[in-house]
**Student:** 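Have a look at the structure that comes next, please.
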Amino acid sequence: MAGSSLAYELSRAARVCVVEGEERPGIHATGRSAALFAPSYGGREIRSLTRASRAFFDRPPPGFSEHPLLQTRGCLYIARADQRARLTERVAEIRASGGEVAFVSTDQALERVPLLRRSYLAAAAFDGDATDIDVHAVHQGFLRGARAGGARMVTGTWATSIRREGGVWALDLVGERITAPVLIDAAGAWADEVAQACGARPVGLRALRRTALLVEPPAGVDISAWPAVIDADEEFYFKPDAGKLLLSPADETPDLPGDAHPRDLDMAVAVDRVEAALDIEVRRVTHSWAGLRTFSADRAPVLGFDPEVSGFFWCAGQGGYGIQTAPAMARAAAALAQNEPLPRDIAAEGLAARDLSPARFARAIATMSGEG
């Protein structure tokens with residue numbers, strides 16, 4: 001999603017080539033999303049980028065998609081008695097960053113999700129702006145638009161050599177060489193590895209595995225209108241998904257860049273936590289998967305030119321929010337990559353280029369070492 005959305009924006013003003021190691025784009029994190037657009041989800045920078053993306057999702061450009069990109073869902077945050085304070089903190093954080101979320105009574109929460117256990121539920125808050133998002137339609141819209149703008153897609157190959165010569169980057173692929181003055185690192189979990197191959201210092205990205213599984217809802221229970229439900233401490237979440245119930249233990253297990261796979265223990269944890277909150281008995285998992293969510297040390301995205309390596313631009317660290325922030329993230333990155341200021345509507349959400357710049361990690365290292 002990061003590479004295709006950025007190519008979509010840049011292809012309007014520049015020649016663009018996207019190099020994808022897999023046979024087709026979107027196999028890893030993009031293809032394994034929980035497909036939720038939630039303006040209240042994530043840290044301050046993520047919430048700002050999500051809100052700035054809403055207009056695009058609501059009114060995509062002509063020809064971008066044949067179908068609406070968002071469908072009404074809502075998001076219910078729930079808390080046990082020992083989590084009341086955490087839920088209050090979360091709501092305050094969301095409101096302070098410009099988001100809208102309202103406390104609701106336990107009766108109102110039970111009206112939305114009747115199978116919640118009354119004995120479990122002590123407090124709840126509702127985000128009415130949260131929606132389902134058609135990830136495939138969004139991704140394909142960006143790819144089509146990028147190609148229509150002249151972007152070239154090279155798939156199924158990895159660069160065998162990357163170096164900077166005479167003010168341009170040279171990428172040697174199997175059978176050809178690609179050159180460009182700017183190289184954009186939108187490699188997800190592999191972004192630090194790509195940076196090192198280009199002579200840049202890694203920024204300390206961490207790939208964290210997230211597990212999800214689908215189960216059948218109880219017989220005779222219509223869950224189609226349920227909101228997504230997220231635990232106050234983000235220890236689990238669940239939501240309707242194509243007639244089934246998607247569960248996740250919201251795990252963040254450090255992993256290596258690669259093709260992530262679900263672990264039996266993580267699936268068992270998901271089932272145990274959801275069964276504690278919800279009056280269901282999970283007898284069979286119909287499908288399971290895992291994806292990597294890649295975070296920087298401060299959990300904010302990394303967008304901007306490297307402070308030490310000329311022409312090397314970072315577009316990484318989207319975490320688990322790369323889908324819902326894609327339109328604004330791509331516009332922000334495209335502007336910065338062309339040495340332009342952040343778009344006004346994104347800046348109006350309280351973001352500055354320095355909040356996203358990879359230089360913030362160099363400054364932190366200098367401060368800790370007494371150099372700055």
Side-chain angles (χ1 to χ4, degrees), residues 1-3 20-38 41-43 45-46 50 75 133 135-136 139 158 185-196 202-215 228-239 241 244-277 282 285-302 314-326 329:
M1 187 66 76
E20 167 61 62
E22 303 293 353
E23 291 300 325
R24 57 183 174 81
I27 286 178
H28 295 289
T30 297
R32 305 177 191 192
S33 167
L36 183 68
F37 176 92
Y41 202 33
E45 298 83 1
I46 292 298
T50 302
C75 181
I133 182 168
V135 177
H136 179 74
H139 191 215
W158 292 72
D185 182 3
W190 289 266
D192 264 348
E193 292 184 6
V194 169
Q196 287 183 292
V203 296
L205 297 171
R206 293 201 308 156
L208 306 178
R209 190 175 67 249
R210 171 63 55 91
T211 305
L213 50 146
L214 293 177
V215 301
V229 177
I230 301 177
D231 170 69
D233 287 316
E234 291 192 38
E235 293 181 342
F236 66 87
Y237 60 81
F238 58 86
K239 67 184 286 280
D241 187 293
K244 293 184 171 53
L245 196 60
L246 183 153
L247 320 180
S248 175
D251 47 328
E252 291 192 343
T253 307
D255 208 336
L256 296 174
D259 189 18
H261 297 281
R263 309 293 172 88
D264 288 344
L265 177 60
D266 294 325
M267 291 191 288
V269 168
V271 170
D272 182 66
R273 290 176 180 172
V274 172
E275 285 185 337
V282 176
V285 173
T286 61
H287 183 55
S288 62
W289 66 95
L292 297 180
R293 306 161 79 241
T294 304
F295 288 93
S296 66
D298 59 10
R299 297 179 76 88
V302 186
W314 290 83
C315 180
Q318 290 86 354
Y321 315 100
I323 310 298
Q324 69 178 38
T325 61
M329 188 94 68

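FYI, the numbering just counts along the sequence from 1.
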**Student:** Between R293 and Y321, is NZ or CZ placed under 6.0 angstrom from the six-membered ring centre and within 45° of the ring axis?
**Tutor:** yes
**Student:** Looking only at heavy atoms, what is the nearest atom pair of D185 and A195, with distance?
**Tutor:**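 Result for this residue pair: OD2-N, 3.7 Å.
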**Student:** Between atom CG of L213 and atom NZ of K244, what is the distance when rounded to the nearest 0.5 Å?
**Tutor:** 12.5 Å
**Student:** Where do S248 and R210 come nearest, in terms of heavy atoms and distance?
**Tutor:** OG-CD, 3.3 Å
**Student:** So, for A191 and L205, which heavy atoms are closest and what is the spacing to 0.1 Å?
**Tutor:** CB-CD1, 3.5 Å
**Student:** Is the closest side-chain heavy-atom distance between L246 and Y237 below 4.5 Å?
**Tutor:** yes
**Student:** Distance check, rounded to the nearest 0.5 Å: I133 atom CD1 versus L36 atom CG?
**Tutor:**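 CG of L36 is found 9.0 Å from CD1 of I133.
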**Student:** Identify the heavy atoms of M1 and G322 that sit nearest to each other, and give their distance.
**Tutor:**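 Looks like CG-O, 3.8 Å.
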**Student:** Does the E234 side chain pair with the main chain of A250, one donor and one acceptor, at a distance under 3.5 Å?
**Tutor:**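 Not confirmed, E234 side chain does not pair with A250 backbone.
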**Student:** For P249, is there any backbone N or O sitting under 3.5 Å from a side-chain donor or acceptor partner on R273?
**Tutor:**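 Yes, R273 side chain to P249 backbone: donor-acceptor pair under 3.5 Å.
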**Student:** Looking at W314 and P202, what are the two nearest heavy atoms and their distance?
**Tutor:** CH2-CA, 4.3 Å
**Student:** If we only count heavy atoms from C-beta on, is the V269 to D251 side-chain gap below 4.5 Å?
**Tutor:**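 The answer is no, as the side chains (C-beta and beyond) never meet within the 4.5 Å cut-off.
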**Student:** Contact between F37 and V135 at the side-chain level, heavy atoms closer than 4.5 Å - yes or no?
**Tutor:** no
**Student:** Let me confirm one number: the SG-CE distance from C315 to M329, rounded to the nearest 0.5 Å.
**Tutor:** 7.0 Å
**Student:** Going by heavy atoms in the side chains, are I46 and T325 under 4.5 Å from each other?
**Tutor:**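 Yes - at least one pair of side-chain heavy atoms lies under 4.5 Å apart.
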**Student:** Find the distance between CG (L208) and OG1 (T253) and round it off to the nearest 0.5 Å.
**Tutor:**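 Those atoms lie 8.0 Å apart.
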**Student:** So, does E20 use its side chain to make a donor-acceptor pair with the main chain of E22 at under 3.5 Å?
**Tutor:**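 Yes; at least one donor-acceptor contact below 3.5 Å.
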**Student:** Is the backbone of V285 close enough, under 3.5 Å, to the side chain of H287 for a donor and an acceptor to pair up by distance?
**Tutor:** no
**Student:** Is there side-chain contact between D266 and R209, with heavy atoms separated by less than 4.5 Å?
**Tutor:**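 Heavy-atom side-chain distance check passes, below 4.5 Å.
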**Student:** Under the side chain to side chain contact (heavy atoms under 4.5 Å, CB included) test, which residues partner D233, sequence neighbours left out?
**Tutor:**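 Applying side chain to side chain contact (heavy atoms under 4.5 Å, CB included) to D233 gives Q83, R86, D231, E235.
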**Student:** Does the side chain of V194 come within less than 4.5 Å of D192's, by heavy atoms?
**Tutor:** no
**Student:** What is the distance from atom OG of S288 to atom CG of L247, rounded to the nearest 0.5 Å?
**Tutor:** 11.0 Å
**Student:** Shortest non-hydrogen contact from P257 to A189?
**Tutor:**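 That would be CG-O, 3.2 Å.
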**Student:** Nearest 0.5 angstrom please: R299 CZ to Q318 CD, how far?
**Tutor:**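 It comes to 13.5 Å.
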**Student:** So R263 and T211, do their side chains get closer than 4.5 Å, heavy atoms only?
**Tutor:**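 Result no, sub-4.5 Å side-chain heavy-atom pair not found.
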**Student:** With a 4.5 Å heavy-atom cut-off, do E252 and F295 have their side chains touching?
**Tutor:** yes
